[in-house]
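Step one of this worksheet: look at the structure below.
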Amino acid sequence: MSSSESDLQARLKVEQPHSARIWNYLLGGKDNFASDRAAAEAVLGQMPEIREFAVAGRRLLARAIGFLAGEAGIRQFLDIGTGLPTANNTHELAQRIAPASKIVYVDNDPLVLVHARALLTSHPDGTTSYIDADVRDPEKILHAAADTLDFDQPIAVVMIGILGHIPDDDNPAAIVRTIVDALPSGSYLVINDSITTPVNDSAIETAQSKGANYYLRTVEQITAFFDGLDLVEPGVVSTPQWRPDSADTAEEIAVYCGVARKP
Ligand SMILES: C[S@@+](CC[C@H](N)C(=O)[O-])C[C@H]1O[C@@H](n2cnc3c(N)ncnc32)[C@H](O)[C@@H]1O
């Protein structure tokens, strides 16, 4: 085994559940290990709707990218906390509307890195790239993203299901601020996360006892991440209610999202 292969094996930590792999299991994927399935099943036992939360995030991605690449005319996307490749990844959604779109994916999960090839299947008119980085190092992300994205032109930053992984001690608001400050006027920010409720809180406690980490916030705390930006209609709402299309049930669930424009 080469040293880079053994580094990767060590980073995969198959005995410890990882968010990207738990999410992959909830979405019906095969890229997960026994520890991920055990953590997911423990949460599912208490909160079967977690599967719906994962699907709601993916459906939001499709609607938000549809809005951004369509009505808002955005051609550059920075998707942080990408997850394992699945159907309708950001570049496929954006390039279906605007083939020349440029997409940079960011995740810190080693298995996402292994599968990144599936995210790099850009339309020949556009570009995709992948950065193996932790969101808690936003300067590294911004520096590397500048190889692909033009920071003089609007960029949509997509953070679906990632800020809940960042504890308050790591100051997620400052991370968001650093990223938004680097964007030109006319850029957008998309955030989606589960909120604190008695059911979510106890399910997350179970997940934490299995080694998975997530920090639930209130709707007000999620809304505060958009400070200084102009929320587009309908504001911060339960995710299925953000511009639902005919395939969405639009019922309220304990996952909230918003999309906002930098003035
Ligand atoms: C709940 S999943 C959501 C994946 C995808 N956005 C979706 O909605 O299907 C969260 C993702 O964030 C990534 N992630 C968690 N903490 C991270 C960090 N500190 N830096 C970068 N990525 C992180 C995980 O590896 C995982 O892929």
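Both counts, for ligands and for their atoms, begin at 1 and track the order of listing.
No side-chain heavy atom of Thr128 sits less than 4.5 Å from a side-chain heavy atom of Thr121.
Distances shorter than 4.0 angstrom do not occur between any heavy atom of Gly57 and any atom of ligand 1. Distances from ligand 1 to the non-hydrogen atoms of Ala133 include at least one value under 4.0 Å.
Across the listed options Val158, Asn108, Asp137, Asn108 owns the non-hydrogen atom lying nearest to atom 17 (C) of ligand 1. Of the listed options Gly81, Ala20, Pro138, Gly81 places a heavy atom closest to atom 11 (C) of ligand 1.
Atoms of ligand 1 lying under 4.0 Å from any heavy atom of Thr82, numbered from 1 in the order shown and given with element: 4 (C), 5 (C), 6 (N). Ligand 1 places these atoms under 4.0 Å from at least one heavy atom of Ser19: 1 (C), 2 (S), 10 (C), 11 (C), 24 (C), 26 (C). The contact set between ligand 1 and Arg58, taken as ligand atoms under 4.0 Å from a residue heavy atom, comprises 5 (C), 7 (C), 9 (O). The distance from ligand 1 to the heavy atoms of Asp109 drops below 4.0 Å at these ligand atoms: 25 (O). Residue-ligand proximity, Gly83 to ligand 1, at heavy-atom distances under 4.0 Å covers atoms 4 (C), 27 (O).
At under 3.5 Å, not a single nitrogen or oxygen of His165, backbone or side chain, sits near a nitrogen or oxygen of ligand 1. Every N/O-N/O distance between Leu27 and ligand 1 stays at or above 3.5 Å. When only interatomic distances are considered, the shortest N/O to N/O separation between Asp79 and ligand 1 does not fall below 3.5 Å. Residue contacts with ligand 1: Ile160 is placed with a nitrogen or oxygen under 3.5 Å of a nitrogen or oxygen of the ligand (distance criterion only).
Between Asp150 and Lys102 there is no salt bridge, since no side-chain N of the basic residue sits under 4.0 Å from a carboxylate O of the acidic one. Here Arg217 pairs with Asp168 in a salt bridge; the nearest charged N to carboxylate O distance falls below 4.0 Å.
With rounding to the nearest 0.5 Å, the separation of CH2 in Trp23 from CG in Leu27 is 7.5 Å. Atoms OG1 and CG, from Thr127 and Leu149 in turn, are 9.0 Å apart once rounded to the nearest 0.5 Å. Rounding to the nearest 0.5 Å gives a distance of 11.5 Å between CD1 of Ile97 and CZ of Phe67.
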Does the pair Arg136 and Asn108 meet the rule for a side chain to side chain donor-acceptor pair (under 3.5 Å), with working shown?
-> CA-CA 10 Å; Arg136 286 167 293 191; Asn108 71 343; over 6 Å; no

Could you check Val176 against Met159 for side-chain contact (heavy atoms from CB on, under 4.5 Å), going step by step and ending with a plain yes or no?
-> CA-CA 9 Å; Val176 172; Met159 301 181 97; 4.2 Å; yes

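In this structure, the protein non-hydrogen atom closest to atom 20 (N) of ligand 1 is Val135 N, 2.9 Å. With respect to atom 27 (O) of ligand 1, the closest heavy atom belonging to the protein is Asp107 OD2, 2.6 Å. Among protein heavy atoms, the minimum distance from atom 19 (N) of ligand 1 is reached at Asp134 OD1, 2.9 Å.
Ala133 pairs by the side-chain contact (heavy atoms from CB on, under 4.5 Å) definition with Val106, Ile131, Lys140, Ile141, not counting sequence neighbours. For the ring-ring contact (aromatic ring centres under 6.0 Å, His included) test, residues two or more places apart in sequence or in another chain that qualify with His91 are Tyr105.
Contacts between Ile166 and ligand 1, counted as non-hydrogen atom pairs separated by less than 4.0 Å, involve the side chain only. At a 4.0 Å heavy-atom cut-off, ligand 1 does not touch Ala54 at all.
Of the possible polar contacts, none joining the Asn32 side chain to the Arg37 backbone as a donor-acceptor pair under 3.5 Å is found.
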